[in-house]
Amino acid sequence: IKDSKKLYEPHAPAFPLYQSRLCASPNGRKVALPMMYMDKINFYDFEKDHLSSVSVYDAPASKDDELHVYYCSTCTDGDKVYALYMNQSNEDSYDVPKNMEIHVLDFDGVYLGRYVVQEYIIDIDCDDESLYGLDLEGNIYKFTLPKLKG
């Protein structure tokens, strides 16, 4: 291991309780770490040894007996982070379909806007022009990225 950083002391295993999939900037200097059971995304800068957190809605953190799923997937096109926001109770998550939000931020944690899709996607990936989603039935969607909603 060349670089490592302990971000916090969890009271349970870090995955899956805290983090959904992380993504790194192209130069490897920064990472975005969306939280599965907390309404925030952590951003860590290895060069500055700096951790910051961003919350779009400032929802309260889950309690062990009332878990709530916030972020379930993330990807990057190089300069932007796309974080799939589920915002459902643990009981309903991956079971009760709803519109999904994709929050878009830069690697400094600046919120750029969001996309809302009607498909109940549970995983995302992207390239420079499109965002791809996967639903529970195995359907793959290709979304052309329109102007962001604030």
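Throughout, numbering of the chain's residues begins at 1 and tracks the sequence.
- Residues satisfying the side-chain contact (heavy atoms from CB on, under 4.5 Å) criterion with Asp135, sequence neighbours excluded, are Glu137, Asn139, Tyr141.
- Glu66 meets the side-chain contact (heavy atoms from CB on, under 4.5 Å) test with no other residue; sequence neighbours excluded.
- If you chain together hydrophobic residues whose side chains sit under 4.5 Å apart, Tyr132 and Val81 never meet in one group.
- Not a single side-chain hydrogen bond (donor to acceptor under 3.5 Å, both in side chains) links Asn99 to another residue, sequence neighbours left out.
- Atom CE in Met38 sits 9.0 Å away from atom OG in Ser55 (nearest 0.5 Å).
- With sequence neighbours excluded, the residues satisfying salt bridge (charged side-chain N to carboxylate O under 4.0 Å, His left out) with Lys30 are Asp108.
- With no hydrogens or angles considered, a side-chain donor-acceptor pair links Tyr82 and Asp77 at under 3.5 Å.
- Of the possible donor and acceptor atoms, one in the side chain of Tyr120 sits under 3.5 Å from a partner among the backbone N and O of Tyr94.
- Residues meeting the side-chain hydrogen bond (donor to acceptor under 3.5 Å, both in side chains) test with Asp45, sequence neighbours left out: Arg29.
- The side-chain heavy atoms of Val69 and Met36, taken from C-beta on, include a pair separated by under 4.5 Å.
- When the salt bridge (charged side-chain N to carboxylate O under 4.0 Å, His left out) test is applied to Asp127, no partner is found at least two apart in sequence or on another chain.
- A donor-acceptor contact shorter than 3.5 Å links the side chain of Ser73 to the backbone of Ile124.
- Residues forming a salt bridge (charged side-chain N to carboxylate O under 4.0 Å, His left out) with Asp125 (at least two apart in sequence, or on another chain): none.
- Side-chain contact between Leu51 and Asn42: present, with at least one pair of heavy atoms (C-beta onward) separated by less than 4.5 Å.
- Listed by chain and number, the residues in a side-chain contact (heavy atoms from CB on, under 4.5 Å) with Ala83 are Ile41, Tyr71, Thr74 (sequence neighbours excluded).
- In terms of the salt bridge (charged side-chain N to carboxylate O under 4.0 Å, His left out) criterion, Asp39 has no residue partners (sequence neighbours excluded).
- Taken together through direct or relayed side-chain contacts under 4.5 Å among Ile, Leu, Val, Met, Phe, Trp and Tyr, Tyr37 and Ile122 form part of one hydrophobic cluster.
- Judged by distance alone, the side chain of Lys80 and the main-chain N or O of Cys75 form no donor-acceptor pair under 3.5 Å.
- Residues passing the side-chain hydrogen bond (donor to acceptor under 3.5 Å, both in side chains) test with Ser93, sequence neighbours excluded: none.
- Linking ILVMFWY side-chain heavy atoms closer than 4.5 Å, directly or via other members, places Tyr111 and Tyr70 in a single hydrophobic cluster.
- With contacts defined as side-chain heavy-atom distances shorter than 4.5 Å, the pair Phe107/Asp79 does not qualify.
- Ile140 pairs by the side-chain contact (heavy atoms from CB on, under 4.5 Å) definition with Leu134, not counting sequence neighbours.
- Residues Leu84 and Met100 meet the side-chain proximity criterion, which asks for heavy atoms closer than 4.5 Å.
- To the nearest 0.5 Å, atom NE2 of residue His50 and atom CD of residue Glu47 are 13.5 Å apart.
- The environment of Glu119 atom CD is dense: over 12 non-hydrogen atoms of other residues, nucleotides or ligands sit within 6.0 angstrom.
- Counting heavy atoms from C-beta outward, Asn87 and His68 have side chains that approach closer than 4.5 Å.
- Looking only at side-chain heavy atoms (C-beta outward), Ile102 and Phe143 stay at 4.5 Å or farther from each other.
- In this view, Tyr57 and Glu101 satisfy the side-chain hydrogen bond (donor to acceptor under 3.5 Å, both in side chains) rule, not counting sequence neighbours.
- Within the 3.5 Å criterion, the main-chain N or O of Val110 finds a donor-acceptor partner in the side chain of Asp106.
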